[in-house]
Amino acid sequence: MSPNPSPASLALDPTAIPPSDPPLIRLEGLSKSFGPVRASHDISFAIRPGRILALLGENGAGKSTLMSMLAGRLQPDSGRIFLRGEEARFDSPKDSIAAGIGMVYQNFMLVNRMTVAENVLLGQEKHFWVSPKAMEREVGELTRRFNLPIDPGAGIWELSMGERQLVEILKLLYRQSQVLIFDEPTAVLTPVEAQHLFEALRNMAGQGKSIIFISHKLEEVLAVADEVAVLRRGELVGHWEAKDIQSKEELANRMVGRTVSLEIAKDSRMPGEPVLRVEHLTGPRLDDVNLVVRQGEIMALVGVAGNGQKELVETVAGLRPPGSGSVKILGTDWKAFFANPSWKESLSYIPEDRLGVAVCREMTLTDNFLLTTRQGFCRGPWLRRKLARQTVAEKVAEFNVQPGRPDMLAGRLSGGNLQKLVLAREFYRNSRLIVAEQPTQGLDISSTEEVWRQLLQAREHAGILLVTGDLREAMTLADRIAVIFRGRIMDDFPVEDQERMKRIGLLMAGSG
Amino acid sequence: MRLIRVTKRTEPLGWGSVLVFCAALGLSLSLACAALAVQGVAPLRALALLWEGGFGSVWSLEDSLRKAIPIYLCALGVSFTFRMQIWNIGAEGQFALGAIGAAWAVLTFPHLSAVALLPLMMLSAGAAGAFWALIPALTKVRLGVNEIISTLMLNYIGILLLNYLVYGPWRDPGGRGFPMTMEYPAAAQIGMLGGTRLHWGLVLCVVLSVLAWLFLNKTRLGYEIRASGESLRTARYAFMPYGFLVFLVMGICGMLAGWAGFVETSAVAHRLQPSILVGYGYTAIVVAWVARLKIGPMALAAFLLAGLRVGVEVLQLELRVPAAFGHILEGLVLLTVLAGQFFHYYRLRLEWPGQRAEGR
């Protein structure tokens, strides 16, 4: 690895932060290894009440390990945690919750069929008999105190992702957590919801809570954090006051350990034959959808989550039969195409849910690679695992999956590396239609860059339907953009059309 | 101030699992002894008799191995379905149907030579067992019926069917009214191995184990079975033929359990009679779980549990311990071994007070 860039603005001594208040929580030399892998090494920092600390780092940099040690899910091999100056140790999440440390995970842990108040009080009921009214009153007081716009009597099933996140926050506030940890909190939010979250964070910090939030989105880090700490390969490479950081490029370089461009070049090319043709598709959540994807182009389908993208994608990927209307893949009708789908030069689907759908965590990389390519590794009834293992070793190196041992369990890979494994597998199939659903969600900068490059490269021989909630991703990659709202394609235009590009936001909200 | 800390294991347990297994076994035996002591039976004497009866002599070892054969065949069968998370507990009924299938072949073609009759019995026993297992497979795939319920129910039907046949149409007229078929002709009996009391069923077990291992680890279908067991959503995503695989594993299980029924009637009972149904199909479930569905450990567990069965029979005779004691012992083994699997996922650390500064 090249020597780290160290511009003057970033070369701050970690101890330079003025110790005006005593820290609420202090880590001293925290280390944790998994076998030979050093996930956290000698990490020390402190955070004072009323401060927001952003913890930046690439996938596999050790952010999750560090936070899991704070949340009591993992125990450090060495090092100490001090809470208000006293040493603490957490053997289970219970211990750390009791000590006032709360964590909001990326996947919310809420009971869908219960109300907000019931979820907040779940497991915390004071008496055997519980009165819904009293619960709602109590939770209502809490929402007013912290100025969180949410109705305690609403059912979880009615709420948006942003509101569900507020419920998770309420749970922690109800348990009187003093340190709140957020794991990539904006990954599931729309831009407006993210702004609301930031306000809520500042509000809570204003009332003396310490907030740690994990992210790799530089803009939001600079927008909301008071302090920024950067992890790389399990080590803390720096800890600064946010106001002393000049530009996000410098921060990105610091995080990745090399210069990154944040821009990606794309040349335009002539689209070829249509590989996907959807006509008048109507069904659950879908309303007369018309869409054409041609070989050699990337069609981005943008919209706020839950507007029919999932239904459309699952239909195209063969997991859900189409209602009325027609879906033609590579010129073949849906039913005929999926009656006997070929593994090669046909259709690849890169699902949003990596661990639940695309990959089995308890199987090796080789076996996971075989999931959709197994027909290519057969000789009669026999599966040629040795050949597969060799191929996986090559592909894993080509796609920079780390660590890339073919016999390793997939569950050991970080999110970005898991996605690279899925891409390696799906691109191995030389598919002519690729459906990529939120392909860079939860990925760090360098993984995102790699995934984008791979998708652009695949455009050479395939048509790509890119379903994304990230407008920047759509604008960077797409040749055409389609906007979906309540199951309808609102408009469909080339990215060069400046006038219509400006109206995307309006289209996503259903007007224009 | 806590002395024992529980933490999640990050590395696999390895050889420690053997230790855990032995400890669990020891615990279940001591619990069983305690139960005997309450009954006024000398526990040490009982233990000695149990060992003597199950494993202590060539005679008892042979007996245990003979009993282990049908148990192992059934366990091998259910392990296929468990691997796919199909909770088939119908090995007992499939075993009964296999025995019926074999008996049908003998009673229909009593004069065939062994070369023709034994393969025919095997064919009809396997087919009958597989047929019995495919019924719940069909209702599961087509109608979404829970296989736990349907396989359990079919056990009772299979057992009643066997009883009906031996009390009715297939009853041996010369059997002085006992519910059993005629004794099989020599051509329908599986021969013994050399000068031992072990029969060729043992060789069948070895051959089938190798085949099962090859199938599960080296073929595409074996891979698809495993992957479908890991995650149904992934199986759908990768277009695994899930419905077909359910039929396949259920069919294989039924066939293997059916062969267990064939081996037991042909080599041990020499006729079809209700007393062949002593719960081997249920013991097989215990065996499969205790061995975590691995083929080698399943063979060992089958031998062990068969030995306990034989030993308990001796206890019944010598100490007048009730027959239910065998079930109690089997249940205890399953519970303690399953509880011991806690240590596959977690580790305990002992810590003395004062070793660390107190938290909080």
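Letters A, B, ... are given to chains in the order of the sequence lines, protein chains preceding strands, and every chain is numbered from 1.
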Original post:
Closest approach of A/C360 and B/E230, non-hydrogen atoms and distance?
Top reply: SG-CB, 3.6 Å
**OP:** Give, as side chain, backbone, both or neither, the part of A/F338 having an atom under 4.5 angstrom from any heavy atom of chain B.
**Re:** side chain
**OP:** Tell me, out of A/G380, A/P341, A/P351, who's got the most heavy-atom pairs with chain B below 4.5 Å.
**Re:** A/P351
Subject >> Among A/D367, A/L319, A/L83, A/T372, residue most engaged with chain B (heavy-atom pairs, under 4.5 Å) >> reply: A/D367
Subject >> Atom CZ of A/R429: over 12 foreign heavy atoms under 6.0 Å >> reply: yes
Subject >> Spacing of CZ belonging to B/R236 relative to CD belonging to A/E314, to within rounding of 0.5 Å >> reply: 7.5 Å
Original post:
When rounded to the nearest 0.5 angstrom, what is the spacing between SG in A/C378 and OH in B/Y223?
Top reply: 10.5 Å
**OP:** Would you give the length of the straight line joining atom CZ of B/F239 to atom CH2 of A/W343, rounded to the nearest 0.5 angstrom?
**Re:** 15.0 Å
Subject >> Under 3.5 Å donor-acceptor, A/R385 side chain and B/N217 backbone >> reply: yes
Original post:
Do B/T219 side-chain atoms and A/W382 backbone N/O form a donor-acceptor pair below 3.5 Å?
Top reply: no
Original post:
Does a sphere of radius 6.0 Å around NZ in A/K344 hold more than 12 heavy atoms from other residues, nucleotides or ligands, not counting ones at 6.0 Å or beyond?
Top reply: yes
**OP:** Under 4.5 Å heavy-atom distance to chain B, tell me which part of A/R354 shows up: side chain, backbone, both or neither.
**Re:** neither
Original post:
Minimum heavy-atom separation for B/P241 to A/R374, with atom names?
Top reply: CD-NH2, 4.3 Å
Original post:
Any sub-3.5 Å donor-acceptor pair from B/Y237's side-chain atoms to A/L371's backbone N or O?
Top reply: no
Original post:
What distance do A/R361 atom CZ and B/S231 atom OG have between them, rounded to the nearest 0.5 Å?
Top reply: 10.5 Å
Subject >> Closest-packed option against chain B by number of heavy-atom pairs under 4.5 Å, given A/D353, A/V357, A/T373 >> reply: A/V357
Original post:
Distance from A/L370 atom CG to B/R220 atom CZ, nearest 0.5 Å?
Top reply: 10.5 Å
Original post:
For B/W200, does the CH2 atom sit with more than 12 other heavy atoms under 6.0 Å from it, leaving out its own atoms?
Top reply: no
